[in-house]
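Below is one structure, written out as structure tokens; the observations come after it.
Here the structure is a predicted model, which is why all the values come from computation and not from measurement. Only heavy atoms go into these numbers, but all of them, side chains included; no hydrogens, no water, no symmetry mates.
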Amino acid sequence: MKNTQTVGGSTALGEGSATGAESSRLVGSDRVLAVLKELARHPDGVGLEELTRVIGSPKPTVHRALGALRRAGLAGQDARGRYLLGDEFLRMAFAHHEARPEHVRVRPVLEALAHRFGETAHYAVLDGREVVYRAKVDPPSGAVRLTSTVGGRNPAHTTGVGKLLLAQELGTLDQVEAWIGDTPLVRRTPRALCTPEALHRELRAIRERGHALDDQENETGVNCLALPVYATSPAGPCGALSISALAYRTPLRTLIDAVDEIRAALGPLGRPHP
């Protein structure tokens with residue numbers, strides 16, 4: 001909060017009573033950031049002429065911005081004289097990414113969905129035959145809430161998040177049978193899919209439609225819809241998000257009809273990226 005107030009105060013000063021020199025420095029910093037963002041669009045490098053044209057500033061100004069970025073290690077120059085992001089920038093970006101677990105990144109989405117539907121939103125990952133809940137957001141109101149906990153586990157084959165993640169790993173009936181092995185699948189409710197054939201058909205349907213459903217298979221009276229989350233790798237989902245709802249309060253049909261809205265809430269986290 002203190003940082004926000006300080007920034008707000010500086011902005012007001014710059015707009016109302018700053019000297020011309022202070023105003024120029026603000027514009028200059030904006031230009032430096034514009035150059036940095038433009039470099040990110042050119043992984044193979046970009047020439048000074050093109051940067052000048054895109055930024056819309058005089059060549060000496062852009063050159064000075066590049067000099068500041070190079071001194072900080074945030075920009076570099078290859079053997080052809082083209083400019084690109086520097087190693088220090090990449091180091092900081094990757095270090096920040098590694099220090100920011102995916103469940104932290106997805107939590108704002110969980111909060112928005114819990115508020116929108118008045119139901120519980122989860123983020124979970126696959127761990128063998130089970131899913132582990134990494135994040136949970138309860139609805140802001142409602143007398144009845146789910147008893148799931150962060151760190152808690154459920155069978156993968158009876159949950160929407162689990163089936164969605166299994167669908168990415170088990171593409172054939174042979175793979176499903178090998179995953180089940182000699183240990184029978186637990187039947188949490190009469191609706192649970194516990195044979196290799198039934199589970200294989202369900203996983204194939206999940207791949208085709210892009211989302212998974214739990215139609216009271218893990219707990220009677222509770223259904224859910226799950227979507228993949230791509231937070232750490234473009235190749236495959238790192239986990240899955242679900243809205244788990246009391247069936248009498250939010251029927252499964254309501255969640256299915258809102259799947260596009262739920263996917264849109266995920267934004268870039270909800271789709272593979274190059």
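Rounding to the nearest 0.5 angstrom, the gap separating the CD atom in Q168 from the CG atom in L126 is 10.5 Å. Rounding to the nearest 0.5 Å gives a distance of 13.0 Å between CG of L85 and NZ of K37. How far OG1 of T220 is from CZ of R191: 8.0 Å, rounded to the nearest 0.5 Å. In this structure, CG on D215 lies 9.5 Å from CD on E202, to the nearest 0.5 angstrom. The distance from atom OG of S242 to atom CG of L113, rounded to the nearest 0.5 Å, is 10.0 Å. In this structure, CG in L203 is found 6.0 Å from CG in L170, a value given to the nearest 0.5 Å.
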Test log, rule side-chain contact (heavy atoms from CB on, under 4.5 Å), inputs T250 and I243: CA-CA 10 Å; T250 304; I243 299 178; over 6 Å; no

Verdict with supporting geometry, H157 and V186, side-chain contact (heavy atoms from CB on, under 4.5 Å): CA-CA 9 Å; H157 69 285; V186 60; 3.7 Å; yes

Working for side-chain contact (heavy atoms from CB on, under 4.5 Å), residues V137 and R107: CA-CA 8 Å; V137 175; R107 186 173 180 85; 3.7 Å; yes

Salt bridge (Lys or Arg N to Asp or Glu O under 4.0 Å) between R201 and E197, intermediate numbers included: CA-CA 6 Å; R201 286 193 298 271; E197 294 77 14; over 6 Å; no

Test log, rule side-chain contact (heavy atoms from CB on, under 4.5 Å), inputs V32 and L36: CA-CA 6 Å; V32 172; L36 182 64; 5.6 Å; no

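Shown here for L227 and G210, the closest heavy-atom pair between the two residues is CD2-O, 3.6 Å. Minimum heavy-atom separation, V131 to A124: CB-CB, 4.4 Å. Here the closest non-hydrogen pair linking L166 and A156 is CD1-CB, 3.9 Å. Taking both residues in full, the closest heavy atoms of G239 and V125 are given as CA-CG1, 4.2 Å, listed atom of the first, atom of the second, then distance. A pairwise comparison of heavy atoms in A34 and I55 identifies O-CD1, 3.6 Å as the closest pair. In terms of heavy-atom proximity, E50 sits nearest to V46 at OE1-CG2, 3.6 Å.
Without hydrogens or angle criteria, E88 side chain to L74 main chain gives no donor-acceptor distance under 3.5 Å. Formation of a donor-acceptor pair under 3.5 Å by the R105 side chain with backbone atoms of A231 is found in this model. Put simply, the side chain of K163 gets close to the backbone of L213: a donor and an acceptor are under 3.5 Å apart. In this structure, R187 contributes its side chain and A192 its backbone to a donor-acceptor pair below 3.5 Å. A distance-only check finds no donor-acceptor pair linking the side chain of H211 to the backbone of G160 [under 3.5 Å]. Looking only at distances, a side-chain donor or acceptor of T189 sits under 3.5 Å from a matching main-chain atom of E217.
For H42, the NE2 atom sits in a packed shell: over 12 heavy atoms of surrounding residues, nucleotides or ligands are nearer than 6.0 Å. Crowding of R209 atom CZ: a count of heavy atoms from other residues, nucleotides or ligands under 6.0 Å exceeding 12.
Residues R207 and E169 are not paired through a salt bridge, judged by the lack of any N-O separation under 4.0 Å between the basic side chain and the carboxylate. Contact check on D87 versus R91 returns no salt bridge, with no Lys/Arg side-chain nitrogen under 4.0 Å from an Asp/Glu carboxylate oxygen.
The hydrophobic cluster containing L269 does not contain V161, counting ILVMFWY residues as joined when their side-chain heavy atoms lie under 4.5 angstrom apart, directly or transitively. Linking Ile, Leu, Val, Met, Phe, Trp and Tyr whenever their side-chain heavy atoms come within less than 4.5 Å puts V106 and F117 in one cluster. Placement of V150 and L110 in two distinct hydrophobic clusters is found when ILVMFWY residues are connected by side-chain heavy-atom separations under 4.5 Å, directly or transitively. L69 and F89 fall within a single hydrophobic cluster, where Ile, Leu, Val, Met, Phe, Trp and Tyr are joined by side-chain heavy atoms under 4.5 Å apart, directly or via other members. Put simply, V54 and V35 are part of two different groups of oily side chains (I, L, V, M, F, W, Y) that touch within less than 4.5 Å, one to the next.
Residues V229 and C238 meet the side-chain proximity criterion, which asks for heavy atoms closer than 4.5 Å.
Annotation: salt bridge (Lys or Arg N to Asp or Glu O under 4.0 Å) contacts involving residues 55-74, sequence neighbours excluded, comprise E49-K59.
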Quick one: side chains of residues 173-185, donor-acceptor pairs under 3.5 Å with protein atoms, not counting sequence neighbours, listed by atom name and distance.
from: Q175; atom 1: OE1; to: G171; atom 2: N; distance (Å): 2.6
from: Q175; atom 1: OE1; to: T172; atom 2: N; distance (Å): 3.1

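Evaluation of the ring pair (Phe, Tyr, Trp, His ring centres under 6.0 Å) rule for Y133 yields H122 as partners, not counting sequence neighbours.
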